[in-house]
Visitor: 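Let me give you the structure first, and then I'll get to my questions.
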Amino acid sequence: MSYTDKQITCSDCGTIFTFSADEQEQFASRGYTNEPKRCATCRAARKQNTSGGGSYGNRSAGAAPRQMFPVKCATCGKDTQVPFEPVATDPSTVQIVTARQTR
């Protein structure tokens with residue numbers, strides 16, 4: 001398939017950037033179906049601001065610390081913390097979370 005350069009408007013800053021034929025071919029070879037919506041400068045800024053790539057468990061350096069709630073393990077009685085407010089009537093929730101943390 002032959003590709004031609006395309007002019008695209010950046011969704012963040014509004015500047016017009018070129019999505020070259022070579023880049024389009026590269027996108028197609030990787031299986032990408034959508035065109036880029038940000039210029040190279042805005043992509044780099046966004047990547048730096050997210051600093052974790054958005055994968056689970058990675059928190060950016062400027063993020064507020066996660067609120068933790070104190071609980072007592074229903075199995076061993078040990079005091080611990082969980083990242084959600086537990087339901088007082090459901091001790092099994094604490095057992096499950098504590099088991100996951102020890103793996």
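Quick caveat: nothing in here was measured; it's all calculated off a predicted structure.
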Visitor: Determine the minimum heavy-atom distance between Glu35 and Phe19, stating which atoms define it.
Guide: CG-CE2, 3.9 Å
Visitor: Taking all heavy atoms of Phe17 and all of Thr9, pick out the closest pair and write down the distance.
Guide: CE2-C, 4.1 Å
Visitor: Does the side chain of Arg46 reach to within under 4.5 Å of the side chain of Arg38, using non-hydrogen atoms?
Guide: yes
Visitor: Could you tell me if the side chain of Pro36 sits less than 4.5 Å from the side chain of Arg43, heavy atoms only?
Guide: yes
Visitor: So how far is it from Gln7 CD to Ile16 CD1, rounded to the nearest 0.5 Å?
Guide: 6.5 Å
Visitor: Rounded to the nearest 0.5 Å, how far apart are CD1 of Ile8 and SG of Cys39?
Guide: 11.0 Å
Visitor: Measuring from atom CD of Gln24 to atom CG of Asp5, what distance do you get when rounded to the nearest 0.5 angstrom?
Guide: 7.0 Å
Visitor: For the atom pair CZ (Phe84) and CZ (Arg66), what is the distance rounded to the nearest 0.5 Å?
Guide: 11.0 Å
Visitor: Would you check if the side chain of Gln48 reaches a backbone N or O of Ala45 as a donor-acceptor pair within less than 3.5 Å?
Guide: no
Visitor: When rounded to the nearest 0.5 angstrom, what distance separates NZ in Lys47 from SG in Cys42?
Guide: 15.0 Å
Visitor: Would you say that Gln81 contacts Phe69 through its side chain, given a criterion of any heavy-atom pair below 4.5 Å between the two side chains?
Guide: no
